[in-house]
Each structure stands twice: as structure tokens, then as C-alpha cells.
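Okay, structure first, notes after.
Note: hydrogens, waters and symmetry copies are ignored here, and every other heavy atom, side chains too, is used.
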Amino acid sequence: MPFAPAAPTGFTPPAYRAQSEAEGSGPRRSADGEDGRRRKLEYPPAPEPLPFPVVDNHTHLDFRDGVVEVALSDALDAAAAVGVEAVIQVGCDVPSSRWAVEAAEADARVLAAVALHPNDAARAAERGTLQEELAQIERLAAHPRVRAIGETGLDYFRTGEAGHAAQHASFREHLRIAAEHGLAVQIHDRDAHEDVVRILREERFEGDVVFHCFSGDVPMARIAAERGWYLSFGGTATFKNNDELREALRITDRSRLLVETDAPFLTAVPYRGRPNAPYLIPLAVRAVADVRGDELGELCVALRENTARVYGAF
């Protein structure tokens with residue numbers, strides 16, 4: 001049966017409330033949705049707290065959305081109030097990767113992942129700066145608060161065939177950096193399952209592999225299970241037409257599950273399209289539990305154990 005979540009009750013955390021739009025700084029998500037219509041930019045109410053703490057496996061706290069700019073400590077406090085004890089802050093380019101490291105230095109509830117997103121890698125190749133930017137990522141990877149290289153991988157949805165070679169080269173280099181520094185990798189895989197798997201195999205990467213916001217089908221989930229890779233699920237598990245994804249979620253061993261927001265994107269139903277934030281991860285956790293038939297508390301404990309296995313201590 002399709003997943004049909006119940007709307008949570010609660011109040012929007014104070015830091016996420018605003019009467020007028022603030023200018024702020026840093027990258028910002030478009031106010032228009034994929035259908036061209038303006039999105040509702042008010043943050044959703046906080047869901048019911050989880051019975052045991054979990055970690056948001058993938059978030060972008062530097063990426064603004066909504067009608068208010070939220071400070072790092074306020075975002076983490078709001079998340080802690082509903083049982084989200086920490087986050088993995090993920091870089092997509094050199095500036096956001098530096099921001100991730102600075103956030104991890106500033107607050108013990110943050111660990112960093114650094115990388116060039118595959119689309120950014122293609123753009124860097126066009127500028128002629130790919131090798132220098134990869135060198136900067138490698139320097140950041142040596143920081144003790146960096147525990148993963150990501151998000152790296154392949155994206156054939158937004159980058160055409162002309163950019164595939166640059167993405168492949170960048171992905172292989174990120175895998176080398178991760179192997180040399182003993183780090184996990186967070187994979188961005190969009191419309192590129194076969195090539196992602198092929199390159200991981202060709203490079204013989206033996207570290208922990210996390211498919212962020214897993215978008216594969218049951219055969220892809222089975223390949224991941226054979227290799228011992230982790231699959232991270234979020235708001236997309238609640239989307240109406242994602243039955244195949246939910247089936248992949250059902251067959252994934254609980255020891256290889258992670259949960260994320262990918263904030264400020266991919267907010268779970270019933271708030272799809274509105275701004276996302278780590279305090280909303282209970283929506284995704286409950287969705288995962290419902291789809292799989294897991295007891296919520298047991299799932300939370302398993303998610304926390306899996307996170308520690310991949311990233312180590314905070």
C-alpha cells in the first residue's frame with residue numbers, strides 16, 4: 001500500500017519564524033518550485049520528538065531557504081529538541097566544504113563531509129580549475145572533523161554527456177582521497193546507477209560507501225547489500241509515486257540504513273516543497289519505520305549505531 005503519513009502537530013521553532021524576508025548571505029534555494037510556481041516559504045511545525053536520538057546523515061545548513069536566516073547553533077538546538085543530536089554537514093564545492101569544516105570546528109554536534117558535487121566538478125572542468133579545486137578538497141580532507149568525502153558521484157540529470165568525463169575523473173579522484181585519508185564517501189547518484197557502481201568496483205574502494213538520498217530500485221538495493229554499502233533515505237520515501245523506492249527500503253538490512261533531510265531540499269510529506277531543516281528529520285524516520293514495519297525506538301537505536309560505525313565519534 002502507498003505510504004500515507006499523518007500530519008504532525010507542533011509549533012515552528014522560534015529561530016525559524018519570521019514576519020518578513022531577510023537578506024542574509026550565502027547560497028540560497030530558489031523560491032520557485034520545479035513546476036514554476038512560488039513555493040510556500042514558511043518552515044513547517046516541529047514534529048513529535050523521537051524516542052531515541054538520531055543523526056541527520058546529510059544536510060546543508062549553509063544553504064538558505066525560507067523567510068529567515070537561521071544561525072548554526074539555533075538550527076542545532078531546534079533539532080536537538082526533537083531528538084536529532086547531531087548532523088553531517090556536507091560540502092558541494094570548495095566554499096561550502098570550507099564552511100562545513102568551520103561548522104564542525106564551531107560546534108561539537110557537527111561532523112563535516114567535503115567534496116565537489118558532480119555538477120560542480122563539470123563546471124570546474126569547463127573553467128579549467130578542476131585539479132586545483134580537487135587539491136583544495138584534499139587539503140580539507142586532512143582535518144580531524146572531516147569524516148567523509150562527499151557529496152561526490154555522478155549526475156546525468158543536470159549535466160549532459162559532454163560533462164560526463166569530467167564527472168568520472170572527479171569521482172575517481174574523490175575515491176582516491178577518501179581511501180588515502182581513511183574516510184567514508186557520500187555518493188550523489190542521479191540517473192547514473194550503472195556507472196557509479198562500475199567506478200566503485202574499478203577503483204576497488206574498500207571504505208564505507210553511503211548512497212545519500214538513495215534513488216535506486218530493488219536491483220540497485222540488492223547490489224548495495226552484496227557490497228555492504230549503506231543507503232540513506234529521507235523525504236523522498238514519502239512521495240506519492242515512489243513505490244519502487246519504498247520497496248528498496250523494505251529489503252534493505254537495518255544495519256545498512258541511514259536517514260537524512262538533505263535540507264533545505266526534499267521535505268517529507270505533508271510539507272513537500274516547503275523549506276527543510278534537521279529538526280524535521282523525525283518525519284523521515286517515522287516514514288522509514290512505517291514503510292518497513294519497524295518499531296520506532298529500535299529503528300532509532302539502529303540508525304545511531306550505523307552512523308557511529310560510518311563516521312566515528314562526534
Looking only at the side chains, is there a donor atom on one of Asp195 and Gln167 sitting less than 3.5 Å from an acceptor on the other?
no

Within the side chain of Asn242, is there an N or O that forms a donor-acceptor pair under 3.5 Å with the backbone of Thr236?
yes

Looking at CD of Glu173 and CD1 of Ile137, how far apart are the two atoms once the value is rounded to the nearest 0.5 Å?
11.0 Å

Walk me through it: do Leu258 and Leu231 pass the test side chain to side chain contact (heavy atoms under 4.5 Å, CB included)?
CA-CA 6 Å; Leu258 295 168; Leu231 304 184; over 6 Å; no

Tyr156-Phe171 co-clustered via ILVMFWY side chain contacts under 4.5 Å
yes

What's the spacing between Leu266 CG and Thr238 OG1 if we round to 0.5 Å?
9.5 Å

Mark yes or no for whether Arg147, through its side chain, and Ala313, through its backbone, hold a donor-acceptor pair below 3.5 Å.
yes

Partner set under side-chain contact (heavy atoms from CB on, under 4.5 Å) for Ala263, not counting sequence neighbours:
Thr59, Thr261, Asn276, Pro278

Partner residues of Asp93 under the side chain to side chain donor-acceptor pair (under 3.5 Å) criterion, sequence neighbours left out:
Ser96

Arg309: which residues meet the side chain to side chain donor-acceptor pair (under 3.5 Å) condition with it, sequence neighbours left out?
Tyr230, Asn306

Output for pair (Ile223 CD1, His193 NE2), nearest 0.5 Å, gives 9.5 Å

Do Arg190's NZ or CZ and the ring of Phe157 fall within the cation-pi criteria of under 6.0 Å and 45°?
yes

Tell me, with the steps shown, if Thr152 and Gln186 meet side chain to side chain contact (heavy atoms under 4.5 Å, CB included).
CA-CA 6 Å; Thr152 184; Gln186 281 215 21; over 6 Å; no

Hey, does Pro51 have a side-chain heavy atom less than 4.5 Å from the side chain of Cys300?
yes

For Tyr43 and Tyr271, I'd like to know if the aromatic rings sit close, meaning centre-to-centre distance below 6.0 Å.
no

Following the transitive rule for hydrophobic clusters with a side-chain heavy-atom cut-off under 4.5 Å over Ile, Leu, Val, Met, Phe, Trp and Tyr, establish whether Val54 and Phe211 coincide in one cluster.
yes

Taking the side chain from Arg145 and the backbone from Val101, do they hold a donor-acceptor pair closer than 3.5 Å?
no

Indicate whether the side chain of His60 and that of Gln89 have a donor and an acceptor atom separated by less than 3.5 Å.
no

For Asp56 and Ile281, the nearest pair of non-hydrogen atoms, with its separation, is CA-CD1, 3.6 Å

Qualifying residues under side-chain contact (heavy atoms from CB on, under 4.5 Å), relative to Glu298, sequence neighbours excluded:
Arg254, Glu295

If you link ILVMFWY side chains whenever their heavy atoms are less than 4.5 Å apart, which other residues fall into the same cluster as Leu72? By chain and number, please.
Leu61, Leu76, Val87, Trp99, Val110

List in chain and number order the residues that pass side chain to side chain donor-acceptor pair (under 3.5 Å) with His164, two or more places apart in sequence or in another chain; answer none if no residue qualifies.
none

Is the side chain of Arg286 donor-acceptor paired with the backbone N or O of Glu48 at a distance under 3.5 Å, no angle test?
yes

Tightest non-hydrogen contact, residues Ala122 and Ala166, listed as CA-CB, 4.2 Å

Between CG on residue Leu249 and CD on residue Glu244, distance to nearest 0.5 Å:
13.0 Å

Starting from the C-alpha separation in whole Å, work towards a yes-or-no answer on side chain to side chain contact (heavy atoms under 4.5 Å, CB included) for Ser170 and Leu134.
CA-CA 8 Å; Ser170 175; Leu134 286 169; 4.0 Å; yes

Evaluate the side-chain proximity of Leu299 to Phe52: yes if any heavy-atom separation is below 4.5 Å, no if none is.
no

Report yes if the side chains of Leu280 and Pro44 come closer than 4.5 Å at any heavy-atom pair, otherwise no.
yes

Sub-4.5 Å side-chain heavy-atom contact between Val84 and Tyr279
no

From CZ (Arg139) to CZ (Arg98), nearest 0.5 Å:
8.5 Å

Cluster check Leu245, Ile187: I/L/V/M/F/W/Y, side chain < 4.5 angstrom
yes

Would you find a donor on one side and an acceptor on the other, under 3.5 Å apart, between the side chain of Arg227 and the backbone of Val197?
no

Contact summary for Ser97 and Leu140, nearest pair of heavy atoms:
CB-CD1, 3.7 Å

Report, one line per pair, each donor and acceptor closer than 3.5 Å where one atom sits in a side chain of residues 213-222; sequence neighbours left out.
from: Ser215; atom 1: OG; to: Asp189; atom 2: O; distance (Å): 3.0
from: Asp217; atom 1: OD1; to: Met220; atom 2: N; distance (Å): 3.0

Pro264 side chain near Phe63 side chain, heavy-atom distance below 4.5 Å:
yes

With sequence neighbours left out, what residues match His188 under side chain to side chain donor-acceptor pair (under 3.5 Å)?
His117, Glu151, Asp155

Path from Leu200 to Ile149 over hydrophobic side-chain contacts below 4.5 Å
yes

Qualifying residues under side-chain contact (heavy atoms from CB on, under 4.5 Å), relative to Pro144, sequence neighbours excluded:
none

Say whether Val291 and Leu283 are linked into one hydrophobic cluster, either directly or through other cluster members, by side-chain heavy-atom distances under 4.5 angstrom.
yes

Contact between Glu133 and Val94 at the side-chain level, heavy atoms closer than 4.5 Å - yes or no?
yes

For the pair Arg272 (side chain) and Phe239 (backbone), establish whether a donor and an acceptor sit closer than 3.5 Å, ignoring hydrogens and angles.
no

Asn57 CG to Glu260 CD distance, which is reported to the nearest 0.5 Å:
5.5 Å

Under the rule for side-chain contact (heavy atoms from CB on, under 4.5 Å), what residues qualify as partners of Glu126, not counting sequence neighbours?
none

Hey, is the main chain of Leu41 close enough, under 3.5 Å, to the side chain of Arg274 for a donor-acceptor pair?
no

Do any N or O atoms from the side chain of Thr129 and from the backbone of Ala125 form a donor-acceptor pair under 3.5 angstrom?
no

Heavy-atom side-chain proximity of Ile199 to Leu154 below 4.5 angstrom
yes

So do Glu42 and Arg17 actually touch side chain to side chain, heavy atoms under 4.5 Å?
no

Quick check against the 3.5 Å criterion: does Arg158 have a side-chain atom that pairs as donor or acceptor with the backbone of Asn119?
no

Listed pairs under 3.5 Å, donor-acceptor, residues 202-210 side chains, sequence neighbours left out:
from: Glu202; atom 1: OE1; to: Arg172; atom 2: NH1; distance (Å): 3.3
from: Glu202; atom 1: OE1; to: Arg172; atom 2: NH2; distance (Å): 2.7
from: Glu202; atom 1: OE1; to: Arg198; atom 2: NH1; distance (Å): 3.3
from: Glu202; atom 1: OE2; to: Arg198; atom 2: NH1; distance (Å): 3.3
from: Glu203; atom 1: OE2; to: Arg172; atom 2: NH1; distance (Å): 2.6

Shortest non-hydrogen pair, Ala75 vs Val70, comes out as N-CG1, 3.7 Å

So which heavy atom on Val82 is nearest to which on Pro47, and how close?
CG1-O, 3.6 Å

Where at least one partner belongs to residues 71-83, residue pairs that pass side-chain hydrogen bond (donor to acceptor under 3.5 Å, both in side chains), sequence neighbours excluded
Asp77-Arg109

